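In what follows, residues are counted from 1 in the order of the sequence shown. These numbers were taken from a predicted model, which means no experiment stands behind them.
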Amino acid sequence: MNLITSVIIITILLSMILAMVSFWLPQMTPDHEKLSPYECGFDPLGSARLPFSMRFFLVAILFLLFDLEIALLLPLPWGDQLATPVTTFLWATAVLLMLTLGLIYEWVQGGLEWAE
């Protein structure tokens, strides 16, 4: 048996064993607390369909945007090993400049003000 066949057989067997164990292992004893939409231990006091603040939504979107910026710039230290590192650094500088200008615009427009 060659290596690829062995790996495929082991993968299939392991997947089947894990699927069977996960089917029979959990204890199926639901109670009132587990069947409720909130698993916090007390009854919900109000409706879950209440509107939320648009400012919270905007701040959350800005956080995701700048979090994505960090993820895009993580491989930058390895950019100096490329054939043209100057081009890589120019693109990274352009991205940072654009995001900085966007942050300044949001700040001036009052999009980062949490309380009025």
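Note: the hydrophobic cluster containing L97 does not contain L90 (ILVMFWY, side chain heavy atoms under 4.5 Å, direct or indirect links). Under the 4.5 Å side-chain heavy-atom criterion for ILVMFWY residues, no single connected hydrophobic cluster contains both Y105 and V108.
Atom OG1 of T93 and atom CG of L76 lie 8.0 Å apart (nearest 0.5 Å). Note that the CD1 atom of I104 and the CD atom of E106 stand 12.0 Å from one another [nearest 0.5 Å]. Distance CG/L62 to CG/L103: 7.5 Å, rounded to 0.5 Å. Of the inter-residue distances, the one linking L73 atom CG with L68 atom CG reads 9.5 Å to the nearest 0.5 angstrom. A distance of 8.0 Å separates CZ in F89 from CG in L82, rounded to the nearest 0.5 Å.
In this view, N2 and T5 satisfy the side chain to side chain donor-acceptor pair (under 3.5 Å) rule, not counting sequence neighbours.
Closest approach of A19 to S22, counting heavy atoms only: O-OG, 3.0 Å. Closest approach of P85 to G79, counting heavy atoms only: CB-O, 3.4 Å.
The only option from V95, T87, T88 that meets the side chain to side chain contact (heavy atoms under 4.5 Å, CB included) definition with W91 turns out to be T87. The side chain to side chain contact (heavy atoms under 4.5 Å, CB included) test with I8 singles out one residue from I12, T11, I10, and that residue is I12.
For I4, the CD1 atom is loosely surrounded, since the number of other residues' heavy atoms within 6.0 Å does not exceed 12.
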